[in-house]
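Just so it is clear, the model here is predicted, and its values are computed rather than measured. Numbers restart at 1 for each chain; the letters A, B, ... are given by sequence-line order, proteins then strands.
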Number of protein chains: 2
Amino acid sequence: MMEAKRKVRGRDAALSRTQIVKAAIVILDRDGEAGLTFKALAERLATGPGAIYGYIANKDDLLAAACDAIVANVMQGRKECADPFDSIKAFAVGIFDAIDERPWVGAALVRLPGQSPLVRVLDAVGQDIRALDVPADREWASTMAVFNYIVGVGGQHAANARLAHSKHWDRTEMLASLARSWSDLDAEEYPFAQSVAPQLSNHDDRADFLAGIEFILVGIRTCSRLIV
Amino acid sequence: MMEAKRKVRGRDAALSRTQIVKAAIVILDRDGEAGLTFKALAERLATGPGAIYGYIANKDDLLAAACDAIVANVMQGRKECADPFDSIKAFAVGIFDAIDERPWVGAALVRLPGQSPLVRVLDAVGQDIRALDVPADREWASTMAVFNYIVGVGGQHAANARLAHSKHWDRTEMLASLARSWSDLDAEEYPFAQSVAPQLSNHDDRADFLAGIEFILVGIRTCSRLIV
DNA sequence: ACCTGAACACCGTTCAAGT
DNA sequence: ACCTGAACACCGTTCAAGT
């Protein structure tokens, strides 16, 4: 017991914001959003819940800080690409993979507006769009289109993972359950969902995500009449 | 006091699921997601919190039902369009306007995977995409792209509204505050966000949303080599 | 100055007791 | 059969008391 605590915080080591955020990430990775409570966090840090408030304003602040650490990490791993289109795709996939690995990041991104992680993502997309030499009056809309798409997929991904976690399902069981409920739908009321149910179990989230990014980028390119 | 209650539920009128959902929507519209508690809902229905569980499984179920009522309403108001592209745009704008009017719908859409409101939206998009005669292997990806974008914008919209509500800001104050914090950013670290801050206050969310839909649709059309 | 942890104000949900 | 509302288990957050 004592040893587990010492691993995180030395006997006399002072608390710090980064220490707290690091512990929060461990809990989020292990138990998801629902598992991150101030009680659990304090326990891991071998202190009382009140101590955390010396470094963290509130739970949203904590979630934003944890999310920011992950997003900043994706940022750092970014490679330089000759083609800005490739650069956007690489970055988008980076964010997707991070969310895929840690679904709580997706949930935090949709829920915490104007916070630093979101600005980081928006700015990265904006820089690449700017490098495309999109007409000035299309720059903002183009950036927002890509940004909103990334955040939207992230949110859905997070919600799916949360559901799967709460029902103790893996990905296969999750898709099977969805396919089952969709094939039970009324074909009159939900013709598309009903008909697409059988294909559901063997589709690739990552490929779908990339295809969507591709559509948006091609749309931006076509609308802006960019030569590539 | 008593009169206010009678308006919602007659002296001896039995409780019903639709009655409960209707009351929930009133509360959500007035006080947002945070305002919807079983206590507040029971008070409005002139009953105890426990009674609600006879008709509603849990809070997610309640939220999904409320959301579904709104989405179904958008569905019903849908006009037939000769051009499937116009049909998608009209539907997307319908959802956008519904979320704009009731931000909690956006939050519910991102958070409740596989629930009926989401399936409704997905199916509507899928039907229109199918009407475009997109190649079969692109149908799913095309549908998901539009769907994810709509849900993503909805989620962001909801988060913004929640923030504005909690700080008692209107839209102008919200944008002004965002513009201020973005212009204070480090131009080295956030070149795009920093430079775009001044334009922030006079942009049109709805126009941005439509521009994004346009990009995606043009992308789908171009990738599928559809003649229009 | 910083930590501690009991206390507070709230949730969603349950369930024995009433009608 | 349905409602009632106290009770339960749990949150985030605060703050007086300790070191």
Side-chain angles (χ1 to χ4, degrees), chain A residues 1-2 5-6 8-21 23-24 27-28 31-67 104 107-108 111-112 115 162-163 165-167, chain B residues 1-2 5-6 8-21 23-24 27-28 31-67 104 107-108 111-112 115 162-163 165-167:
Chain A
M1 289 291 142
M2 264 306 186
K5 287 174 185 180
R6 281 217 205 102
V8 174
R9 190 162 70 107
R11 214 185 296 238
D12 297 329
L15 226 43
S16 77
R17 190 174 159 94
T18 47
Q19 200 65 257
I20 293 171
V21 171
I27 295 176
L28 284 163
D31 305 319
E33 305 170 67
L36 181 64
T37 66
F38 278 79
K39 186 168 165 280
L41 187 56
E43 227 161 76
R44 233 199 118 73
L45 293 164
T47 181
I52 297 165
Y53 285 88
Y55 306 86
I56 302 285
N58 52 43
K59 199 175 176 179
D60 272 2
D61 182 31
L62 176 60
L63 224 49
C67 191
W104 56 268
R111 265 219 333 258
L112 306 172
Q115 297 271 20
R162 203 165 55 101
L163 180 65
H165 185 269
S166 78
K167 303 225 177 189
Chain B
M1 289 293 141
M2 264 307 186
K5 288 174 182 179
R6 278 215 208 103
V8 175
R9 190 162 71 109
R11 215 186 296 238
D12 298 330
L15 227 44
S16 76
R17 190 177 159 94
T18 48
Q19 200 66 257
I20 293 171
V21 171
I27 295 176
L28 284 163
D31 305 319
E33 304 168 68
L36 182 65
T37 66
F38 279 79
K39 184 168 166 280
L41 187 56
E43 227 161 76
R44 230 199 120 74
L45 293 165
T47 183
I52 297 165
Y53 284 87
Y55 306 87
I56 302 286
N58 52 43
K59 199 174 177 181
D60 273 3
D61 182 32
L62 176 60
L63 224 50
C67 191
W104 56 269
R111 265 222 330 259
L112 306 171
Q115 296 271 21
R162 204 165 55 102
L163 180 65
H165 185 269
S166 78
K167 302 224 177 192

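In this structure, CD1 on B:I52 lies 4.0 Å from CG on B:L41, to the nearest 0.5 angstrom. Note that CG of B:L163 is 13.0 Å distant from CZ of A:R111, once rounded to the nearest 0.5 Å. For the atom pair A:Q19 CD and A:T47 OG1, the distance stands at 12.0 Å (nearest 0.5 Å). Distance check, rounded to the nearest 0.5 Å: NZ of A:K59 to CG of A:L36 gives 5.0 Å.
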Check step by step if side chain to side chain contact (heavy atoms under 4.5 Å, CB included) holds for A:L63 and A:Q115.
-> CA-CA 10 Å; A:L63 224 49; A:Q115 297 271 20; over 6 Å; no

A:T18 vs A:V21, side chain to side chain contact (heavy atoms under 4.5 Å, CB included): CA-CA, chis, key distance, verdict = CA-CA 5 Å; A:T18 47; A:V21 171; 5.7 Å; no

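Between the NZ atom of A:K59 and the P atom of D:dC11 there is a distance of 8 Å, given to the nearest Å. Here the P atom of nucleotide D:dT13 and the CG atom of A:D61 are 10 Å apart, to the nearest Å. One atom, NZ of B:K39, and another, P of D:dA6, lie 12 Å apart when rounded to the nearest Å. For the pair B:F38 CZ and C:dT13 C1', the interatomic distance rounds to 8 Å; values are reported in whole Å. Between the CD1 atom of A:I27 and the C1' atom of D:dC11 there is a distance of 15 Å, rounded to whole Å. Summarising the geometry, the separation between CD on A:E43 and P on D:dG12 is reported as 13 Å, rounded to the nearest angstrom. Rounded to whole Å, the distance from CG on A:L45 to C1' on C:dT4 is 14 Å. For the pair A:D31 CG and D:dC10 P, the computed distance is 15 Å after rounding to whole Å.
Counting only distance, with no hydrogens or angles, the side chain of B:Y55 and the backbone of B:I20 share no donor-acceptor pair below 3.5 Å.
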Dot-bracket summary - DNA chain D, pairs being Watson-Crick or G-U whose distances fall under 3.5 Å, with | when paired to another strand | ||.|||||...|||||.||

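Nucleic acid contact class of B:I52 (heavy atoms, under 4.0 Å, all strands): none. Backbone-only contact: B:L36 has heavy atoms under 4.0 Å from sugar-phosphate atoms and none from a base.
In terms of the side-chain contact (heavy atoms from CB on, under 4.5 Å) criterion, residue partners of B:A40 (sequence neighbours excluded) are, by chain and number, B:I27, B:T37.
B:G48 approaches B:A42 most closely through the heavy-atom pair C-CB, 3.6 Å.
For B:Y55, counting side-chain heavy atoms from C-beta on, the closest listed nucleotide (C:dC3, D:dC2, D:dT4) is D:dC2.
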Contacts under 3.5 Å, N or O only, protein and nucleotides 14-19 of chain D:
none

